Number of protein chains: 2
Amino acid sequence: MRPKQQVEKRVADFLEICRRQGVKATHQRTEILRELAGSEEHPDAETILTRVRQRVPTISVDTIYRTLRLLEDSGVIARVGSMRDRARFDANTDRHHHFVCTECEMIGDFYSDAMDQFPVPQEVSEMGSVEGVYVELRGICRKCKQKAMKTEGRTGEKP
Amino acid sequence: MRPKQQVEKRVADFLEICRRQGVKATHQRTEILRELAGSEEHPDAETILTRVRQRVPTISVDTIYRTLRLLEDSGVIARVGSMRDRARFDANTDRHHHFVCTECEMIGDFYSDAMDQFPVPQEVSEMGSVEGVYVELRGICRKCKQKAMKTEGRTGEKP
DNA sequence: AACTCCAATCGTAATAATTACTATTTAAGA
DNA sequence: TCTTAAATAGTAATTATTACGATTGGAGTT
Ligand SMILES: [Mn+2]
Ligand SMILES: [Mn+2]
Ligand SMILES: [Zn+2]
Ligand SMILES: [Zn+2]
């Protein structure tokens, strides 16, 4: 849960962007962004739908997906989590990267100047122009490791 | 197109793995790997299907997807290209990373010791244990840039 | 080489995420 | 308040991927 103040700042910024881009600042859009901006867990579309429904009971899947695309295109949110069955979303616009648990799909943020300022290799410049870097560190999270330990113990040599 | 010699080496290695793991070295599996190992373009499942069909006309989608999963699980191939609508596959098992064109989805390999030996930040160690790094440099490839130039010229100020 | 057996394949159906359609509603400017 | 085009809700369509059940064939045995 992110601080309410920050969340409302993000929502206000979005309303300004709507005005500038000439798109309507609807209740649905506002609530979807508010939900995402308040979360640190990079939820998927269905999770966002379920949660926003508590406040806007008639909201539709179409609106969820359409709004997420709109927000992504405006640079207000990003899509994270590679090659999984479902997309995950992120309202954190600070330059950062992700740790992904391959077991439970938990996604955590981390920051690294070294990674941000990584020099683009020659061979890449020859392929095209680089506009963004996506880094994902993959492994097993604390929680899943502990769970594995317990399971191992249960099937172990104890009488 | 990768050299035929290298491709056949990869296929032979796979046949050995089949023997060790007690799974059957079928014609279909061999041809799927041969196709993928011979390509440098990180094809998707449908592309692989189309191409393998030229040599094995009756091969089914099920076999393609099932085999790709088998090869991935055995570490013979990898899945690349994040958060797109379809998965892309890679038979290059050398440690390397990718440049991805956001326009045409072209994927190119690059190598970087610096990126491979990157120290894992403290905050990540606290989240869990890192087992792999996935890096994607995103941008616009040469070909797409030239195409954009031409289109711009056509709609420009020339009489 | 013929025999056996179970894993693998084929053709097709099912699933699940995402996108599209259309009648209805609503944000926002006059 | 009135107007209007954009946005939404409810539902259907699309698309990648996975599952199913009948049939085939790889590979070990005789
Ligand atoms: Mn994040
Ligand atoms: Mn590659
Ligand atoms: Zn986990
Ligand atoms: Zn391109």
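None of the values given here were measured: they were computed from a predicted structure. Residue numbers start from 1 in every chain, and the chains themselves are labelled A, B, ... in the order their sequence lines are given, proteins ahead of strands.
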Length of the line joining B/Glu72:CD and D/dT18:P, which is rounded to integer Å: 10 Å
Side-chain touch A/Glu103/A/Lys143, heavy atoms, less than 4.5 angstrom: no
Euclidean distance, atom CZ of residue A/Arg19 to atom P of C/dA27 [Å, nearest integer]: 15 Å
Separation of atom CD in B/Glu31 from atom P in C/dC10, rounded to whole Å: 12 Å
Gap between atoms CD1 and C1', on B/Ile32 and C/dC10 respectively (whole Å): 13 Å
Touch class at under 4.0 angstrom, heavy-atom based, for B/Arg29 against every strand present: sugar-phosphate
Sugar-phosphate, base or nothing in reach of A/Asp62, heavy atoms under 4.0 Å: base
Side chain to side chain donor-acceptor pair (under 3.5 Å) between A/Asp109 and A/His98, worked out: CA-CA 5 Å; A/Asp109 290 342; A/His98 298 97; 3.2 Å; yes
Verdict with reasoning, A/Lys9 to A/Asp13, per salt bridge (charged side-chain N to carboxylate O under 4.0 Å, His left out): CA-CA 6 Å; A/Lys9 172 76 167 65; A/Asp13 287 352; 3.0 Å; yes
For atom CG of A/Leu49 and atom C1' of C/dT19, their distance in whole Å: 15 Å
Earlier contact from the 5' end, DNA chain D, for B/Ala45 and A/Lys24: A/Lys24
Integer-rounded Å distance: C/dT18 C1' and A/Ile64 CD1: 13 Å
Length of the CG-P vector between B/Asp85 and C/dA20, whole Å: 12 Å
B/Glu46 CD: over 12 foreign heavy atoms closer than 6.0 Å: no
salt_bridge(B/Glu16, B/Arg19) N-O dist < 4.0 Å: yes
Sugar-phosphate, base or nothing in reach of A/Val61, heavy atoms under 4.0 Å: base
Distance, rounded to the nearest Å, where B/Tyr65 contributes OH and C/dA13 contributes C1': 15 Å
B/Thr26 vs C/dA7: side-chain N/O to OP1/OP2 distance below 4.0 Å: no
Sugar-phosphate, base or nothing in reach of A/Asp44, heavy atoms under 4.0 Å: nothing
Side-chain N,O (A/Ser60) to OP1/OP2 (D/dG10) below 4.0 Å: no
Which residue lies more 5' along DNA chain D, comparing A/Val56 with B/Arg79 via nearest heavy atoms: A/Val56
Under 4.0 angstrom between B/Arg86 side-chain N/O and D/dT15 OP1 or OP2: no
Side chain of B/Arg66 - closest among D/dG26, C/dT9, D/dA6: C/dT9
C/dC10 phosphate, OP1 or OP2, under 4.0 Å from B/Gln28 side-chain N/O: yes
